[in-house]
Amino acid sequence: MEAYGYKEGLRDGLPIGLGYLSVSFGFAIWAVKQGIPDLTLVILSGTNLTSAGQVAGVTVMAAGGLLIELALTEFIINLRYALMSVTLTQKLHPDFCLWQRMLAAFFVTDEIFAVSSTRKGLLTFPYMMGLGCLPWIGWTLGTALGAFAGTLLPAVLSAALGIAIYGMFMAILVPGALEDKGVLLAIFAAVALGLILRYVPLFSFLSEGFVIILSAIFGACIAAWLKPVKAGEGEA
Amino acid sequence: MKLYPYLLVMAGVTYLIRMLPLAFFRKKITNPFLLGVLHYMPFAVLGTMTVPAIFTSTGDPVSSTVGFVAALLLGLKRRSLIEVALAATAAAYVTSLLLPLL
């Protein structure tokens with residue numbers, strides 16, 4: 001069986017890194033406008049390497065939310081990584097030891113998971129390190145550029161970049177809904193409850209973080225109940 | 001604003017969720033409902049984060065909506081993450097340049 005090394009990982013990670021660079025640039029411009037300091041944002045991106053979790057985290061931070069609210073929000077939003085990590089354990093090369101598993105885990109993102117889980121053959125430690133390298137650099141560097149140089153952009157362009165991160169979310173949502181009625185149902189149910197919790201005055205005591213948690217759990221449970229996942233389907 | 005406790009919590013929670021299963025999990029999840037919830041969760045999360053926030057994301061409802069439509073159309077054509085993100089941005093940018101001329 002062909003073994004993949006560091007170089008193959010780097011090559012597979014290049015397009016992901018380029019994509020992250022531009023999206024995190026938009027993320028940083030948006031986050032600076034929420035009042036988060038530039039250096040804090042660079043540290044945030046360098047230590048988290050996740051888009052949805054960081055957008056939600058910045059929202060909670062900007063609102064001065066509770067730490068427990070932040071922890072719960074991150075837990076719910078990033079719960080998918082647990083499933084991806086579990087899936088990856090089934091494909092790890094036997095040479096993978098504990099500290100290598102702990103290091104490789106840092107680089108589990110939607111895109112890195114998508115590439116590594118669909119690679120033929122077993123995953124080696126050097127391959128996973130190569131694969132994570134450029135996406136991490138792209139994500140952190142893009143955040144730094146957006147945070148420090150974003151103010152140099154014309155106001156109209158920097159305002160328009162506020163939509164970039166949501167555009168990336170749409171690129172995940174729409175094809176997902178096209179392929180799977182259950183996904184479409186999960187999205188609609190979550191959005192519906194989210195709109196109720198955000199706009200019905202009765203629920204105005206709920207912060208944005210809790211709205212995300214409650215509506216996401218609701219949407220996922222409704223879909224899991226009405227459109228059960230067949231064995232093996234839940235891994236993709 | 002004291003942000004460092006937030007940074008620590010975010011990095012810690014995000015890392016542990018990725019690390020604990022990868023380092024220690026050695027069997028398969030079989031409960032169908034749990035599998036379903038985990039399968040649908042990312043889409044539910046992204047959905048409620050995107051709508052309605054995307055419609056105010058540029059600070060102006062018209063350019064935001066045009067950006068949303070552009071993202072929807074390219075999403076239906078299954079274009080890549082970066083293409084959709086840039087197309088939404090470009091559509092919103094062009095709209096906000098044209099709006100004052102109307």
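Hydrogens, waters and symmetry mates are skipped; everything else that's a heavy atom, side chains included, is used. We name chains A, B, ... by the order of the sequence lines, and we start the count at 1 in each one.
Ranked by heavy-atom pairs under 4.5 Å with chain B, the list A:I77, A:L70, A:T47, A:L98 is led by A:L70. Each of B:V37, B:L20, B:L16 has some count of heavy-atom pairs under 4.5 Å with chain A, and the biggest count is that of B:V37. Ranking A:L88, A:L21, A:L157 against chain B, the residue ahead of the rest is A:L157, based on heavy-atom pairs under 4.5 Å. The candidate with the highest count of non-hydrogen atom pairs below 4.5 Å against chain B, out of A:G194, A:G219, A:A71, is A:A71. Between chain B and the options A:V156, A:I222, A:L185, A:I217, heavy-atom pairs under 4.5 Å are most frequent for A:V156. Among the candidates B:G12, B:G59, B:P52, the residue making the largest number of heavy-atom pairs closer than 4.5 Å to chain A is B:P52. For the set B:A71, B:P5, B:A23, the count of heavy-atom pairs under 4.5 angstrom toward chain A peaks at B:A23. Between chain B and the residues A:A190, A:G162, A:C97, A:A220, the largest count of heavy-atom pairs under 4.5 Å involves A:A220. Most heavy-atom pairs under 4.5 Å with chain B: of the set A:L67, A:I187, A:T59, A:V23, this distinction falls to A:L67.
Minimum heavy-atom separation, A:A171 to B:R79: CB-O, 4.5 Å. In plain terms, the two heavy atoms of B:T48 and A:R198 that are nearest each other are O-NH2, 2.9 Å. Heavy atoms only, all atoms of each residue included: B:Y6 and A:G64 are closest at OH-C, 3.4 Å. Heavy atoms only, all atoms of each residue included: B:A85 and A:A164 are closest at CB-O, 3.4 Å. Residues B:S64 and A:I163 come closest through the heavy atom pair O-CD1, 3.5 Å. Here the shortest heavy-atom pairing between A:A104 and B:L22 reads C-CD2, 4.1 Å.
Only the side chain of B:V13 comes within less than 4.5 Å of a heavy atom of chain A; its backbone N, CA, C and O stay farther away. In this structure, the portions of A:K227 lying under 4.5 Å from any heavy atom of chain B include both its backbone and its side chain. In this structure, chain B has a heavy atom under 4.5 Å from the side chain of A:L92, while its backbone stays farther away. In this structure, no portion of A:W99 lies under 4.5 Å from any heavy atom of chain B. Heavy atoms closer than 4.5 Å to chain B are found nowhere in A:Q100, neither backbone nor side chain. With a 4.5 Å cut-off on non-hydrogen atoms, B:F33 touches chain A through its backbone and its side chain both. Interface remark: A:A56 contributes backbone and side-chain atoms alike to the contact with chain B (heavy atom separation under 4.5 Å). With a 4.5 angstrom heavy-atom cutoff, B:L74 does not touch chain A via any of its atoms. Within the 4.5 angstrom heavy-atom criterion, only side-chain atoms of A:Y199, from C-beta onward, approach chain B. Only the side chain of A:L195 comes within less than 4.5 Å of a heavy atom of chain B; its backbone N, CA, C and O stay farther away. For B:L8, no part sits under 4.5 Å from any heavy atom of chain A, backbone or side chain.
Counting heavy atoms from C-beta outward, B:F43 and A:I172 have side chains that approach closer than 4.5 Å. Between B:H39 and A:D180 there is a side-chain heavy-atom pair separated by less than 4.5 Å. By the 4.5 Å heavy-atom criterion applied to side chains, A:M61 and B:L7 are counted as neighbours. Side-chain contact check for A:T89 versus B:P21: every heavy-atom pair is 4.5 Å or farther apart.
Between A:S85 atom OG and B:F24 atom CZ the span is 12.0 Å, to the nearest 0.5 Å. A distance of 7.5 Å separates OG in A:S51 from CE in B:M49, rounded to the nearest 0.5 Å. With rounding to the nearest 0.5 angstrom, the CZ atom of A:F169 is 5.5 Å from the CG atom of B:L46. Rounding to the nearest 0.5 Å places OG1 of B:T89 at 5.0 Å from CG of A:L161. Between the CG atom in A:L79 and the CE atom in B:M41 there is a gap of 5.5 Å [rounded to 0.5 Å]. A distance of 9.5 Å separates OG in B:S57 from NZ in A:K33, rounded to the nearest 0.5 Å.
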Yes or no on side chain to side chain contact (heavy atoms under 4.5 Å, CB included) for A:E74 and B:V9, after CA distance, side-chain angles and deciding distance?
-> CA-CA 9 Å; A:E74 295 306 318; B:V9 166; 5.9 Å; no
Checking side chain to side chain contact (heavy atoms under 4.5 Å, CB included) for the pair B:R78/A:L178: CA distance, chi angles, key distance, verdict?
-> CA-CA 9 Å; B:R78 300 165 197 271; A:L178 274 181; 3.7 Å; yes
Could you check B:R18 against A:T50 for side chain to side chain contact (heavy atoms under 4.5 Å, CB included), going step by step and ending with a plain yes or no?
-> CA-CA 11 Å; B:R18 289 167 164 154; A:T50 179; 3.8 Å; yes
A:M170 and B:L72: side chain to side chain contact (heavy atoms under 4.5 Å, CB included), yes or no, with the steps?
-> CA-CA 7 Å; A:M170 290 287 288; B:L72 185 63; 4.0 Å; yes
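Surrounding CZ of A:F75 are at most 12 heavy atoms belonging to other residues, nucleotides or ligands under 6.0 Å away. The local environment of CZ in A:F106 is crowded, with over 12 non-hydrogen atoms from other residues, nucleotides or ligands closer than 6.0 Å.
In terms of the salt bridge (charged side-chain N to carboxylate O under 4.0 Å, His left out) criterion, residue partners of A:D110 (sequence neighbours excluded) are, by chain and number, A:R80.
By a heavy-atom distance cut of under 4.5 Å, B:S96, B:L97 are the residues of residues 94-102 of chain B near chain A, going up by number.
In this structure, the side chain of B:Y40 does not engage the main chain of A:L184 through any donor-acceptor pair within 3.5 Å.
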